[in-house]
2 protein chains.
Amino acid sequence: MTDHAKQTEASAGEPIVLIVDDDPSMRRALTNLFQSVGLKVQAFSSAAEIMEAKPPAVPSCLVLDIRLPGSSGLDLQADLAKANIHTPIIFITGHGDIPMTVRAMKSGAVDFLTKPVRDQDMLDAVQAAIERDRKRRDAEKSISGVRSRFEGLTARERDVLALVASGLMNKQVAAELGLAEITVKIYRGQIMRKMGAKSLADLVRMTDALGIPRNRGHLQT
Amino acid sequence: MTDHAKQTEASAGEPIVLIVDDDPSMRRALTNLFQSVGLKVQAFSSAAEIMEAKPPAVPSCLVLDIRLPGSSGLDLQADLAKANIHTPIIFITGHGDIPMTVRAMKSGAVDFLTKPVRDQDMLDAVQAAIERDRKRRDAEKSISGVRSRFEGLTARERDVLALVASGLMNKQVAAELGLAEITVKIYRGQIMRKMGAKSLADLVRMTDALGIPRNRGHLQT
DNA sequence: CTACGGCACAAACCTACGTATAGCTCGCAC
DNA sequence: GTGCGAGCTATACGTAGGTTTGTGCCGTAG
(Lines give C-alpha, C1' and ligand atoms only; values in the text may rest on other atoms or scores of the structure.)
Protein backbone atom coordinates (compact mmCIF):
# COMPACT_ATOMS: atom_id res chain seq x y z
CA MET A 1 0.00 0.00 0.00
CA THR A 2 1.34 3.43 -0.95
CA ASP A 3 1.73 6.34 1.42
CA HIS A 4 -0.87 8.20 -0.54
CA ALA A 5 -3.44 5.47 -0.12
CA LYS A 6 -2.80 5.36 3.59
CA GLN A 7 -3.40 9.08 3.92
CA THR A 8 -6.64 9.38 2.00
CA GLU A 9 -8.08 6.48 3.91
CA ALA A 10 -7.46 8.31 7.18
CA SER A 11 -8.23 12.01 6.80
CA ALA A 12 -6.49 13.59 3.79
CA GLY A 13 -2.72 13.86 3.74
CA GLU A 14 -0.12 16.61 4.18
CA PRO A 15 -1.01 18.64 7.26
CA ILE A 16 -0.32 22.35 6.99
CA VAL A 17 0.68 24.96 9.55
CA LEU A 18 -0.72 28.46 9.09
CA ILE A 19 1.33 31.28 10.56
CA VAL A 20 0.05 34.78 11.23
CA ASP A 21 2.67 37.24 12.43
CA ASP A 22 3.49 40.78 11.38
CA ASP A 23 7.19 40.31 12.08
CA PRO A 24 8.90 38.99 8.91
CA SER A 25 11.84 37.54 10.82
CA MET A 26 9.49 35.63 13.08
CA ARG A 27 7.60 34.29 10.10
CA ARG A 28 10.83 33.15 8.54
CA ALA A 29 12.04 31.50 11.72
CA LEU A 30 8.79 29.61 12.27
CA THR A 31 8.56 28.61 8.63
CA ASN A 32 12.04 27.16 8.77
CA LEU A 33 11.30 25.35 12.00
CA PHE A 34 8.21 23.63 10.68
CA GLN A 35 9.70 22.84 7.29
CA SER A 36 12.68 21.26 9.04
CA VAL A 37 10.36 18.57 10.37
CA GLY A 38 8.59 18.15 7.04
CA LEU A 39 5.47 20.20 7.67
CA LYS A 40 3.88 22.35 5.00
CA VAL A 41 3.63 26.02 5.92
CA GLN A 42 1.65 29.02 4.80
CA ALA A 43 2.47 32.41 6.32
CA PHE A 44 0.35 35.56 6.61
CA SER A 45 1.21 38.98 7.93
CA SER A 46 -2.19 40.05 9.18
CA ALA A 47 -5.55 38.78 10.40
CA ALA A 48 -7.34 40.29 7.42
CA GLU A 49 -5.05 38.42 5.08
CA ILE A 50 -5.85 35.00 6.46
CA MET A 51 -9.56 35.68 6.68
CA GLU A 52 -9.57 36.16 2.91
CA ALA A 53 -7.81 32.88 2.26
CA LYS A 54 -10.02 29.84 2.01
CA PRO A 55 -9.95 27.48 4.99
CA PRO A 56 -7.63 24.53 4.38
CA ALA A 57 -9.11 21.15 3.51
CA VAL A 58 -6.43 19.20 5.33
CA PRO A 59 -5.58 18.82 9.01
CA SER A 60 -4.04 22.11 10.04
CA CYS A 61 -3.40 24.52 12.85
CA LEU A 62 -2.85 28.20 13.34
CA VAL A 63 0.17 29.77 14.97
CA LEU A 64 -0.84 33.25 15.94
CA ASP A 65 0.91 36.17 17.55
CA ILE A 66 -1.53 37.64 20.00
CA ARG A 67 -0.46 41.16 19.14
CA LEU A 68 -1.31 41.80 15.52
CA PRO A 69 -1.70 45.00 13.47
CA GLY A 70 -5.38 45.94 13.47
CA SER A 71 -7.30 43.21 15.23
CA SER A 72 -5.67 41.22 18.02
CA GLY A 73 -5.17 37.50 17.94
CA LEU A 74 -8.13 37.08 20.27
CA ASP A 75 -10.35 38.97 17.86
CA LEU A 76 -9.22 36.76 15.01
CA GLN A 77 -9.98 33.73 17.17
CA ALA A 78 -13.50 35.02 17.76
CA ASP A 79 -13.97 35.86 14.07
CA LEU A 80 -12.92 32.37 13.03
CA ALA A 81 -15.30 30.83 15.55
CA LYS A 82 -18.11 32.98 14.20
CA ALA A 83 -17.24 31.90 10.66
CA ASN A 84 -17.51 28.31 11.87
CA ILE A 85 -13.86 27.60 11.25
CA HIS A 86 -12.47 25.42 13.98
CA THR A 87 -8.79 25.21 13.13
CA PRO A 88 -6.93 24.77 16.43
CA ILE A 89 -4.96 27.84 17.49
CA ILE A 90 -1.60 28.14 19.18
CA PHE A 91 -0.86 31.61 20.50
CA ILE A 92 2.55 33.10 20.97
CA THR A 93 3.11 36.26 22.91
CA GLY A 94 5.93 38.54 23.95
CA HIS A 95 4.22 40.27 26.83
CA GLY A 96 0.83 38.70 27.37
CA ASP A 97 -0.90 38.68 30.70
CA ILE A 98 -2.90 36.07 32.55
CA PRO A 99 -6.42 37.33 31.80
CA MET A 100 -5.56 37.28 28.12
CA THR A 101 -4.27 33.72 28.45
CA VAL A 102 -7.39 32.61 30.27
CA ARG A 103 -9.63 34.14 27.67
CA ALA A 104 -7.76 32.47 24.85
CA MET A 105 -7.77 29.06 26.52
CA LYS A 106 -11.45 29.31 27.42
CA SER A 107 -12.17 30.04 23.77
CA GLY A 108 -10.51 26.81 22.82
CA ALA A 109 -6.86 27.63 22.14
CA VAL A 110 -4.70 24.53 22.36
CA ASP A 111 -1.67 26.32 23.74
CA PHE A 112 -0.25 29.67 24.65
CA LEU A 113 3.52 30.03 24.39
CA THR A 114 5.67 32.89 25.61
CA LYS A 115 8.63 34.36 23.74
CA PRO A 116 11.27 33.28 23.48
CA VAL A 117 9.62 30.06 22.37
CA ARG A 118 11.61 26.88 22.68
CA ASP A 119 11.56 25.04 19.35
CA GLN A 120 10.57 21.75 20.91
CA ASP A 121 7.64 23.31 22.78
CA MET A 122 6.35 24.78 19.56
CA LEU A 123 6.70 21.52 17.67
CA ASP A 124 4.95 19.61 20.43
CA ALA A 125 2.09 22.10 20.47
CA VAL A 126 1.73 21.98 16.69
CA GLN A 127 1.82 18.22 16.73
CA ALA A 128 -0.98 18.08 19.32
CA ALA A 129 -3.02 20.72 17.51
CA ILE A 130 -2.84 18.96 14.16
CA GLU A 131 -3.76 15.69 15.76
CA ARG A 132 -6.78 17.34 17.34
CA ASP A 133 -7.81 18.82 14.01
CA ARG A 134 -7.44 15.47 12.31
CA LYS A 135 -9.77 13.89 14.85
CA ARG A 136 -12.28 16.69 14.48
CA ARG A 137 -12.23 16.32 10.69
CA ASP A 138 -12.66 12.58 10.90
CA ALA A 139 -15.67 12.99 13.17
CA GLU A 140 -17.09 15.70 10.94
CA LYS A 141 -16.67 13.59 7.83
CA SER A 142 -18.29 10.55 9.39
CA ILE A 143 -21.53 12.39 10.07
CA SER A 144 -21.57 14.58 6.95
CA GLY A 145 -22.56 11.58 4.86
CA VAL A 146 -25.30 10.71 7.29
CA ARG A 147 -26.52 14.28 7.32
CA SER A 148 -26.72 14.52 3.56
CA ARG A 149 -28.65 11.26 3.35
CA PHE A 150 -31.03 12.58 5.98
CA GLU A 151 -31.63 15.65 3.82
CA GLY A 152 -32.79 13.26 1.12
CA LEU A 153 -35.66 11.99 3.26
CA THR A 154 -39.16 13.26 2.70
CA ALA A 155 -40.98 15.09 5.51
CA ARG A 156 -43.06 12.05 6.38
CA GLU A 157 -40.06 9.78 6.41
CA ARG A 158 -38.41 12.07 8.91
CA ASP A 159 -41.49 11.94 11.14
CA VAL A 160 -41.40 8.17 11.07
CA LEU A 161 -37.65 8.08 11.60
CA ALA A 162 -37.89 10.18 14.74
CA LEU A 163 -40.48 7.92 16.30
CA VAL A 164 -38.92 4.65 15.20
CA ALA A 165 -35.55 5.75 16.59
CA SER A 166 -37.32 6.59 19.84
CA GLY A 167 -38.09 2.92 20.19
CA LEU A 168 -41.77 2.94 19.29
CA MET A 169 -43.30 -0.05 17.53
CA ASN A 170 -44.70 0.41 14.06
CA LYS A 171 -48.25 0.36 15.35
CA GLN A 172 -47.44 3.04 17.90
CA VAL A 173 -45.81 5.20 15.27
CA ALA A 174 -48.88 4.72 13.12
CA ALA A 175 -51.19 5.78 15.95
CA GLU A 176 -49.00 8.79 16.74
CA LEU A 177 -49.05 10.00 13.14
CA GLY A 178 -52.58 8.88 12.28
CA LEU A 179 -51.41 6.32 9.75
CA ALA A 180 -51.97 2.66 9.02
CA GLU A 181 -49.28 0.32 10.32
CA ILE A 182 -48.51 -0.88 6.82
CA THR A 183 -47.70 2.67 5.76
CA VAL A 184 -45.21 3.02 8.56
CA LYS A 185 -43.59 -0.26 7.56
CA ILE A 186 -43.12 0.92 4.02
CA TYR A 187 -41.65 4.26 5.05
CA ARG A 188 -39.45 2.45 7.47
CA GLY A 189 -38.03 0.32 4.70
CA GLN A 190 -37.45 3.38 2.55
CA ILE A 191 -35.70 5.09 5.45
CA MET A 192 -33.38 2.14 5.97
CA ARG A 193 -32.49 2.11 2.30
CA LYS A 194 -32.02 5.88 1.94
CA MET A 195 -29.99 6.18 5.12
CA GLY A 196 -27.89 3.15 4.31
CA ALA A 197 -28.61 1.61 7.69
CA LYS A 198 -28.09 -2.11 7.84
CA SER A 199 -29.91 -2.47 11.16
CA LEU A 200 -32.10 -0.59 13.60
CA ALA A 201 -29.04 -0.13 15.82
CA ASP A 202 -27.35 1.72 12.95
CA LEU A 203 -30.36 3.93 12.52
CA VAL A 204 -30.53 4.79 16.20
CA ARG A 205 -26.87 5.81 16.23
CA MET A 206 -27.35 7.93 13.13
CA THR A 207 -30.27 9.83 14.61
CA ASP A 208 -28.31 10.40 17.80
CA ALA A 209 -25.33 11.67 15.80
CA LEU A 210 -27.69 14.02 13.97
CA GLY A 211 -29.18 15.24 17.23
CA ILE A 212 -32.73 14.35 16.29
CA PRO A 213 -34.99 14.78 19.35
CA ARG A 214 -36.67 11.73 20.85
CA ASN A 215 -40.39 11.75 21.57
CA ARG A 216 -40.28 8.77 23.85
CA GLY A 217 -37.60 6.45 25.18
CA HIS A 218 -35.33 7.74 27.94
CA LEU A 219 -32.47 6.45 29.99
CA GLN A 220 -34.03 6.58 33.41
CA THR A 221 -32.20 6.42 36.73
CA MET B 1 -44.15 22.28 45.72
CA THR B 2 -41.46 22.91 48.33
CA ASP B 3 -38.00 24.15 47.57
CA HIS B 4 -36.60 20.89 48.80
CA ALA B 5 -38.65 18.85 46.40
CA LYS B 6 -37.58 21.05 43.52
CA GLN B 7 -33.92 20.61 44.37
CA THR B 8 -33.84 16.85 44.76
CA GLU B 9 -35.63 16.44 41.48
CA ALA B 10 -32.85 18.29 39.66
CA SER B 11 -29.46 17.32 41.09
CA ALA B 12 -29.41 17.60 44.90
CA GLY B 13 -29.78 21.03 46.48
CA GLU B 14 -27.49 23.52 48.21
CA PRO B 15 -24.33 23.92 46.17
CA ILE B 16 -21.16 24.36 48.20
CA VAL B 17 -17.94 26.26 47.55
CA LEU B 18 -14.73 24.71 48.83
CA ILE B 19 -11.90 27.12 49.57
CA VAL B 20 -8.27 26.16 49.96
CA ASP B 21 -5.97 28.98 51.02
CA ASP B 22 -3.29 29.21 53.67
CA ASP B 23 -3.99 32.87 54.32
CA PRO B 24 -6.68 33.16 57.05
CA SER B 25 -7.73 36.65 56.00
CA MET B 26 -8.21 35.49 52.43
CA ARG B 27 -10.30 32.55 53.60
CA ARG B 28 -12.43 34.90 55.67
CA ALA B 29 -12.91 37.34 52.83
CA LEU B 30 -13.90 34.65 50.33
CA THR B 31 -16.19 32.97 52.84
CA ASN B 32 -17.98 36.24 53.46
CA LEU B 33 -18.27 36.94 49.76
CA PHE B 34 -19.87 33.61 48.94
CA GLN B 35 -22.13 33.58 51.96
CA SER B 36 -23.35 37.05 51.03
CA VAL B 37 -24.93 35.54 47.91
CA GLY B 38 -26.33 32.58 49.82
CA LEU B 39 -23.74 29.95 48.93
CA LYS B 40 -22.57 27.37 51.45
CA VAL B 41 -18.84 27.41 52.09
CA GLN B 42 -16.23 25.10 53.50
CA ALA B 43 -12.69 26.40 53.98
CA PHE B 44 -9.40 24.51 54.23
CA SER B 45 -5.89 25.76 54.90
CA SER B 46 -3.93 23.14 53.00
CA ALA B 47 -4.09 20.63 50.18
CA ALA B 48 -3.60 17.75 52.58
CA GLU B 49 -6.57 18.88 54.62
CA ILE B 50 -9.03 18.82 51.75
CA MET B 51 -7.74 15.50 50.43
CA GLU B 52 -8.75 13.93 53.74
CA ALA B 53 -12.27 15.34 53.62
CA LYS B 54 -14.78 13.29 51.70
CA PRO B 55 -15.79 14.64 48.30
CA PRO B 56 -19.07 16.58 48.46
CA ALA B 57 -22.25 14.95 47.23
CA VAL B 58 -23.74 18.19 45.91
CA PRO B 59 -22.79 20.47 43.03
CA SER B 60 -19.64 22.23 44.15
CA CYS B 61 -16.46 23.92 43.07
CA LEU B 62 -13.00 24.52 44.40
CA VAL B 63 -11.39 27.92 44.85
CA LEU B 64 -7.72 27.32 45.08
CA ASP B 65 -4.70 29.50 45.66
CA ILE B 66 -2.04 28.26 43.31
CA ARG B 67 0.69 28.79 45.88
CA LEU B 68 0.02 26.51 48.82
CA PRO B 69 2.17 25.23 51.66
CA GLY B 70 3.58 21.86 50.67
CA SER B 71 2.08 20.90 47.34
CA SER B 72 1.10 23.58 44.88
CA GLY B 73 -2.41 24.10 43.58
CA LEU B 74 -1.44 22.40 40.35
CA ASP B 75 -0.30 19.34 42.26
CA LEU B 76 -3.60 19.24 44.12
CA GLN B 77 -5.41 19.50 40.80
CA ALA B 78 -3.45 16.51 39.51
CA ASP B 79 -4.05 14.55 42.71
CA LEU B 80 -7.78 15.15 42.54
CA ALA B 81 -7.84 14.06 38.91
CA LYS B 82 -5.97 10.89 39.83
CA ALA B 83 -8.45 10.27 42.66
CA ASN B 84 -11.21 10.58 40.06
CA ILE B 85 -12.66 13.68 41.68
CA HIS B 86 -13.81 16.10 39.03
CA THR B 87 -14.89 19.10 41.06
CA PRO B 88 -14.30 22.17 38.86
CA ILE B 89 -11.40 24.33 40.02
CA ILE B 90 -10.99 28.09 40.03
CA PHE B 91 -7.45 29.21 40.66
CA ILE B 92 -6.41 32.50 42.22
CA THR B 93 -2.87 33.71 42.13
CA GLY B 94 -0.83 36.66 43.29
CA HIS B 95 2.13 36.23 40.99
CA GLY B 96 1.40 33.41 38.58
CA ASP B 97 2.92 33.21 35.16
CA ILE B 98 1.57 32.23 31.77
CA PRO B 99 2.96 28.67 31.56
CA MET B 100 1.37 27.96 34.91
CA THR B 101 -1.94 29.34 33.67
CA VAL B 102 -1.78 27.30 30.52
CA ARG B 103 -1.03 24.14 32.43
CA ALA B 104 -3.93 24.71 34.79
CA MET B 105 -6.40 25.47 32.01
CA LYS B 106 -5.24 22.50 29.94
CA SER B 107 -5.87 20.31 32.97
CA GLY B 108 -9.44 21.49 33.06
CA ALA B 109 -9.52 24.52 35.36
CA VAL B 110 -12.58 26.64 34.70
CA ASP B 111 -10.89 29.95 35.50
CA PHE B 112 -7.70 31.54 36.68
CA LEU B 113 -8.04 34.86 38.48
CA THR B 114 -5.30 37.25 39.47
CA LYS B 115 -5.15 39.11 42.77
CA PRO B 116 -6.61 41.45 43.57
CA VAL B 117 -9.73 39.55 42.52
CA ARG B 118 -12.82 41.56 41.68
CA ASP B 119 -15.76 40.20 43.66
CA GLN B 120 -17.98 40.02 40.62
CA ASP B 121 -15.41 38.09 38.60
CA MET B 122 -15.11 35.56 41.39
CA LEU B 123 -18.86 35.16 41.72
CA ASP B 124 -19.27 34.75 37.97
CA ALA B 125 -16.55 32.13 37.89
CA VAL B 126 -18.06 30.23 40.82
CA GLN B 127 -21.49 30.41 39.25
CA ALA B 128 -20.19 28.93 36.00
CA ALA B 129 -18.18 26.26 37.80
CA ILE B 130 -21.10 25.10 39.91
CA GLU B 131 -23.33 24.98 36.86
CA ARG B 132 -20.75 22.85 35.11
CA ASP B 133 -20.54 20.51 38.07
CA ARG B 134 -24.29 20.22 38.23
CA LYS B 135 -24.40 19.18 34.58
CA ARG B 136 -21.60 16.68 35.11
CA ARG B 137 -23.41 15.18 38.11
CA ASP B 138 -26.68 14.94 36.21
CA ALA B 139 -24.94 13.13 33.37
CA GLU B 140 -23.12 10.88 35.81
CA LYS B 141 -26.30 10.02 37.64
CA SER B 142 -28.17 9.21 34.48
CA ILE B 143 -25.69 6.51 33.52
CA SER B 144 -24.90 5.20 36.99
CA GLY B 145 -28.18 3.32 37.10
CA VAL B 146 -27.48 1.84 33.69
CA ARG B 147 -23.98 0.88 34.74
CA SER B 148 -25.11 -0.90 37.90
CA ARG B 149 -27.72 -2.83 35.96
CA PHE B 150 -25.05 -3.81 33.48
CA GLU B 151 -22.96 -5.15 36.37
CA GLY B 152 -25.86 -7.44 37.15
CA LEU B 153 -25.60 -9.16 33.78
CA THR B 154 -23.87 -12.53 33.50
CA ALA B 155 -20.82 -12.92 31.27
CA ARG B 156 -22.84 -14.57 28.53
CA GLU B 157 -25.53 -11.94 28.65
CA ARG B 158 -22.88 -9.29 28.12
CA ASP B 159 -21.54 -11.17 25.10
CA VAL B 160 -24.99 -11.25 23.60
CA LEU B 161 -25.66 -7.63 24.49
CA ALA B 162 -22.54 -6.44 22.67
CA LEU B 163 -23.47 -8.23 19.48
CA VAL B 164 -27.17 -7.40 19.59
CA ALA B 165 -26.37 -3.73 20.13
CA SER B 166 -24.02 -3.93 17.15
CA GLY B 167 -27.06 -4.60 15.02
CA LEU B 168 -26.58 -8.33 14.41
CA MET B 169 -29.61 -10.57 14.01
CA ASN B 170 -30.20 -13.29 16.58
CA LYS B 171 -29.00 -15.97 14.18
CA GLN B 172 -25.80 -14.04 13.52
CA VAL B 173 -25.20 -13.59 17.23
CA ALA B 174 -25.77 -17.30 17.68
CA ALA B 175 -23.27 -18.16 14.96
CA GLU B 176 -20.73 -15.74 16.40
CA LEU B 177 -20.97 -17.25 19.86
CA GLY B 178 -21.54 -20.84 18.80
CA LEU B 179 -25.06 -20.97 20.23
CA ALA B 180 -28.51 -21.91 19.06
CA GLU B 181 -30.71 -19.04 17.99
CA ILE B 182 -33.27 -19.85 20.66
CA THR B 183 -30.63 -19.44 23.34
CA VAL B 184 -29.79 -15.99 22.08
CA LYS B 185 -33.46 -15.06 22.12
CA ILE B 186 -33.78 -16.09 25.73
CA TYR B 187 -30.68 -14.17 26.81
CA ARG B 188 -31.89 -11.21 24.86
CA GLY B 189 -35.14 -11.17 26.76
CA GLN B 190 -33.30 -11.44 30.06
CA ILE B 191 -31.04 -8.56 29.03
CA MET B 192 -34.01 -6.36 28.20
CA ARG B 193 -35.57 -7.10 31.57
CA LYS B 194 -32.40 -6.70 33.62
CA MET B 195 -31.38 -3.49 31.87
CA GLY B 196 -34.87 -2.05 32.04
CA ALA B 197 -34.86 -1.33 28.32
CA LYS B 198 -38.28 -0.95 26.78
CA SER B 199 -36.99 -1.20 23.23
CA LEU B 200 -33.92 -2.07 21.21
CA ALA B 201 -33.34 1.63 20.70
CA ASP B 202 -33.08 2.04 24.47
CA LEU B 203 -30.60 -0.79 24.66
CA VAL B 204 -28.43 0.65 21.91
CA ARG B 205 -28.26 4.00 23.67
CA MET B 206 -27.39 2.34 26.94
CA THR B 207 -24.51 0.39 25.44
CA ASP B 208 -23.23 3.53 23.76
CA ALA B 209 -23.43 5.42 27.06
CA LEU B 210 -21.48 2.61 28.69
CA GLY B 211 -18.87 2.67 25.97
CA ILE B 212 -19.29 -0.97 25.06
CA PRO B 213 -17.30 -1.71 21.91
CA ARG B 214 -19.15 -2.70 18.75
CA ASN B 215 -18.10 -5.74 16.78
CA ARG B 216 -19.96 -4.75 13.66
CA GLY B 217 -22.14 -1.87 12.58
CA HIS B 218 -20.45 1.42 11.72
CA LEU B 219 -21.50 4.80 10.51
CA GLN B 220 -19.81 4.76 7.14
CA THR B 221 -19.05 7.79 5.00
C1' DC C 1 -26.13 -34.24 49.55
C1' DT C 2 -29.00 -30.60 48.08
C1' DA C 3 -30.13 -26.32 46.50
C1' DC C 4 -29.20 -22.71 43.49
C1' DG C 5 -27.62 -20.11 39.56
C1' DG C 6 -25.41 -19.91 35.10
C1' DC C 7 -25.48 -21.95 30.74
C1' DA C 8 -27.64 -24.24 26.89
C1' DC C 9 -31.31 -26.10 24.11
C1' DA C 10 -36.18 -27.56 22.20
C1' DA C 11 -41.19 -27.29 20.82
C1' DA C 12 -44.93 -24.43 20.45
C1' DC C 13 -46.91 -20.24 19.84
C1' DC C 14 -47.67 -15.40 19.12
C1' DT C 15 -46.33 -10.85 17.77
C1' DA C 16 -43.61 -7.66 15.14
C1' DC C 17 -41.04 -6.67 11.04
C1' DG C 18 -40.38 -6.30 6.14
C1' DT C 19 -41.34 -6.72 1.20
C1' DA C 20 -43.94 -7.33 -3.07
C1' DT C 21 -47.84 -6.19 -5.71
C1' DA C 22 -51.39 -3.19 -6.54
C1' DG C 23 -54.31 0.81 -6.24
C1' DC C 24 -55.84 5.47 -4.72
C1' DT C 25 -55.49 10.88 -4.30
C1' DC C 26 -53.23 15.23 -4.67
C1' DG C 27 -50.30 18.85 -6.28
C1' DC C 28 -46.97 20.34 -9.47
C1' DA C 29 -44.22 20.79 -13.74
C1' DC C 30 -44.09 20.34 -18.66
C1' DG D 1 -53.92 17.16 -19.96
C1' DT D 2 -50.16 13.89 -18.95
C1' DG D 3 -46.68 12.38 -16.20
C1' DC D 4 -44.44 12.17 -11.89
C1' DG D 5 -43.51 11.86 -7.14
C1' DA D 6 -45.24 12.15 -2.46
C1' DG D 7 -48.40 10.24 0.47
C1' DC D 8 -51.43 6.65 1.88
C1' DT D 9 -53.59 2.06 2.09
C1' DA D 10 -54.71 -3.11 1.32
C1' DT D 11 -53.78 -8.23 0.78
C1' DA D 12 -50.58 -11.66 1.19
C1' DC D 13 -46.49 -13.98 2.54
C1' DG D 14 -42.16 -14.85 4.61
C1' DT D 15 -38.77 -13.83 8.20
C1' DA D 16 -37.29 -12.11 12.71
C1' DG D 17 -38.23 -11.31 17.43
C1' DG D 18 -39.90 -12.87 21.88
C1' DT D 19 -42.22 -15.77 25.64
C1' DT D 20 -43.54 -19.97 27.94
C1' DT D 21 -42.73 -24.45 29.52
C1' DG D 22 -39.71 -27.95 30.18
C1' DT D 23 -35.15 -30.42 30.03
C1' DG D 24 -30.40 -31.14 31.16
C1' DC D 25 -25.38 -30.23 32.62
C1' DC D 26 -22.13 -28.13 35.59
C1' DG D 27 -20.00 -25.94 39.50
C1' DT D 28 -20.31 -24.06 43.94
C1' DA D 29 -22.16 -22.65 48.44
C1' DG D 30 -24.50 -24.34 52.33
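All of these numbers come straight from a predicted model, not from anything done at the bench. Letters A, B, ... are given to chains in the order of the sequence lines, protein chains preceding strands, and every chain is numbered from 1.
Across all strands shown, B:Leu200 has no heavy atoms under 4.0 Å from either base or sugar-phosphate atoms.
Formation of a donor-acceptor pair under 3.5 Å by the B:Gln35 side chain with backbone atoms of B:Val41 is not found in this model.
The only option from A:Leu64, A:Thr87, A:Leu62 that meets the side-chain contact (heavy atoms from CB on, under 4.5 Å) definition with A:Ile50 turns out to be A:Leu62. Paired with B:Phe150 under the rule side-chain contact (heavy atoms from CB on, under 4.5 Å), one option of B:Glu157, B:Met195, B:Met206, B:Lys194 passes, and it is B:Met195.
Taking atom CG on A:Asp159 and atom P on D:dG7, their separation rounds to 9 Å, with Å as the unit. The separation between A:Leu203 atom CG and C:dG18 atom C1' is 14 Å, rounded to whole Å. Counting to the nearest Å, the C1' atom of C:dC9 and the CD atom of B:Gln190 are 13 Å from each other. For B:Ile191 and D:dG17, the CD1 to C1' distance is 13 Å, given to the nearest whole Å. Protein atom CZ of B:Arg193 is 8 Å distant from nucleotide atom P of D:dT19, rounded to whole Å. Residue A:Leu153 contributes atom CG, which lies 11 Å from atom P of D:dA6 at whole-angstrom precision. Rounded to whole Å, the distance from CG on B:Leu161 to P on C:dC7 is 14 Å. Here the C1' atom of nucleotide C:dG5 and the CD1 atom of B:Ile186 are 15 Å apart, to the nearest Å.
Nearest to the side-chain atoms of A:Arg156 among the listed nucleotides D:dC8, C:dA8, D:dT11 stands D:dC8. Among the nucleotides C:dC7, C:dC9, D:dC8, the one closest to any side-chain atom of B:Thr154 is C:dC7. In the set D:dT19, D:dC8, D:dA10, D:dA10 carries the atom at the smallest distance from any side-chain atom of A:Ala180. Among the nucleotides C:dC7, C:dC9, D:dA10, the one closest to any side-chain atom of A:Ile182 is D:dA10. In the set C:dC17, D:dG17, D:dT20, the nucleotide with an atom closest to the side chain of B:Arg188 is D:dG17.
Nucleotides of DNA chain D nearest to A:Leu179 and A:Lys194 differ in position, and the one nearer the 5' end is that of A:Lys194.
Under a 4.0 Å N-O distance rule, the pair B:Asp22/B:Arg67 does not qualify as a salt bridge. A salt bridge links A:Asp159 with A:Arg156: at least one charged nitrogen is closer than 4.0 Å to a carboxylate oxygen. Salt-bridge check for B:Arg137 with B:Asp133: passed, with a basic side-chain N closer than 4.0 Å to an acidic carboxylate O.
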N/O contacts under 3.5 Å, protein versus nucleotides 13-16 of chain C?
residue	atom	partner	partner atom	Å
C:dA16	OP1	A:Lys171	NZ	3.2
C:dA16	OP2	A:Lys171	NZ	2.8

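Remark: B:Arg205 CZ to A:Asp208 CG distance equals 4.0 Å, nearest 0.5 Å.
OP1 or OP2 of D:dC8 has at least one side-chain nitrogen or oxygen of A:Tyr187 nearer than 4.0 Å.
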